[in-house]
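Here's the structure we're looking at; comments come further down.
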Amino acid sequence: GAGVSQSPSNKVTEKGKDVELRCDPISGHTALYWYRQSLGQGLEFLIYFQGNSAPDKSGLPSDRFSAERTGGSVSTLTIQRTQQEDSAVYLCASSHRDKEANTQYFGPGTRLTVL
Amino acid sequence: GNSVTQMEGPVTLSEEAFLTINCTYTATGYPSLFWYVQYPGEGLQLLLKATKADDKGSNKGFEATYRKETTSFHLEKGSVQVSDSAVYFCALSEPGGFKTIFGAGTRLFVKA
């Protein structure tokens with residue numbers, strides 16, 4: 001079946017602009033995660049959604065970052081007033097806790113470059 | 001809080017050498033443990049996992065055993081290939097929850 005998809009694959013923006021990154025999880029997966037991977041770095045947890053529960057936003061680095069998940073499926077990560085330090089690859093993953101021990105399936109990522 | 005610590009890289013090996021990448025964790029209860037791999041230019045994908053103590057996960061010649069007594073999940077392969085060059089991430093999934101915590105990643109270079 002279809003995997004996790006993300007769009008756009010690349011985004012170049014100017015400092016101060018807002019950007020929206022989209023994630024389509026695997027159908028039926030109840031959990032959705034956003035991570036940030038800076039060049040040569042590990043994964044930085046940003047936020048996750050599980051079903052209808054309140055999201056865990058503990059990893060969002062500032063109030064410029066927000067995310068929503070509509071209808072328990074597609075998610076959008078929004079970064080307002082982008083800064084150069086926001087440049088990174090943003091990864092989305094989905095999982096189904098009750099199956100596969102919460103194995104996460106990752107999308108290809110969105111590479112964000114802030115000029 | 002829960003955490004994952006893995007050996008720093010990069011690790012450089014010759015083809016057919018033995019590989020060990022150390023991973024230790026701190027967690028309450030019994031988390032599930034994972035190794036994910038990121039090949040150059042590709043996204044992360046699951047390599048192997050173990051869900052309870054003494055379980056051994058294996059895939060593509062890689063193995064890791066869930067050691068509760070030493071809180072470890074070291075990744076091993078008996079004979080690496082150039083195609084194994086990648087970044088390897090150790091991770092744990094909190095018991096009863098959804099949050100997954102990743103280690104910093106270990107970059108492996110295998111020379112022909």
Value for CZ (A/F106) from CG (B/L46), rounded to nearest 0.5 Å, stands at 9.5 Å
Output for pair (B/L48 CG, A/T103 OG1), nearest 0.5 Å, gives 10.5 Å
| Can you tell me if CD on B/E8 sees more than 12 non-hydrogen neighbours from other groups inside 6.0 Å? | no
Using the rule that two of Ile, Leu, Val, Met, Phe, Trp, Tyr join whenever any of their side-chain heavy atoms come within less than 4.5 Å, decide whether B/I101 and B/L75 are in one cluster.
-> yes
Under 4.5 Å to a heavy atom of chain A? For B/E42 that would be neither
Residues at least two apart in sequence or cross-chain that pass ring pair (Phe, Tyr, Trp, His ring centres under 6.0 Å) with A/F65, listed by chain then number, are none
- request: Determine whether B/V87 and B/I21 fall in the same hydrophobic cluster, where Ile, Leu, Val, Met, Phe, Trp and Tyr are linked whenever their side-chain heavy atoms lie under 4.5 Å apart.
  value: no
For this session: Taking the side chain as every heavy atom from C-beta outward, state whether B/Y36 and A/Q104 have any atom pair closer than 4.5 Å.
Result: yes
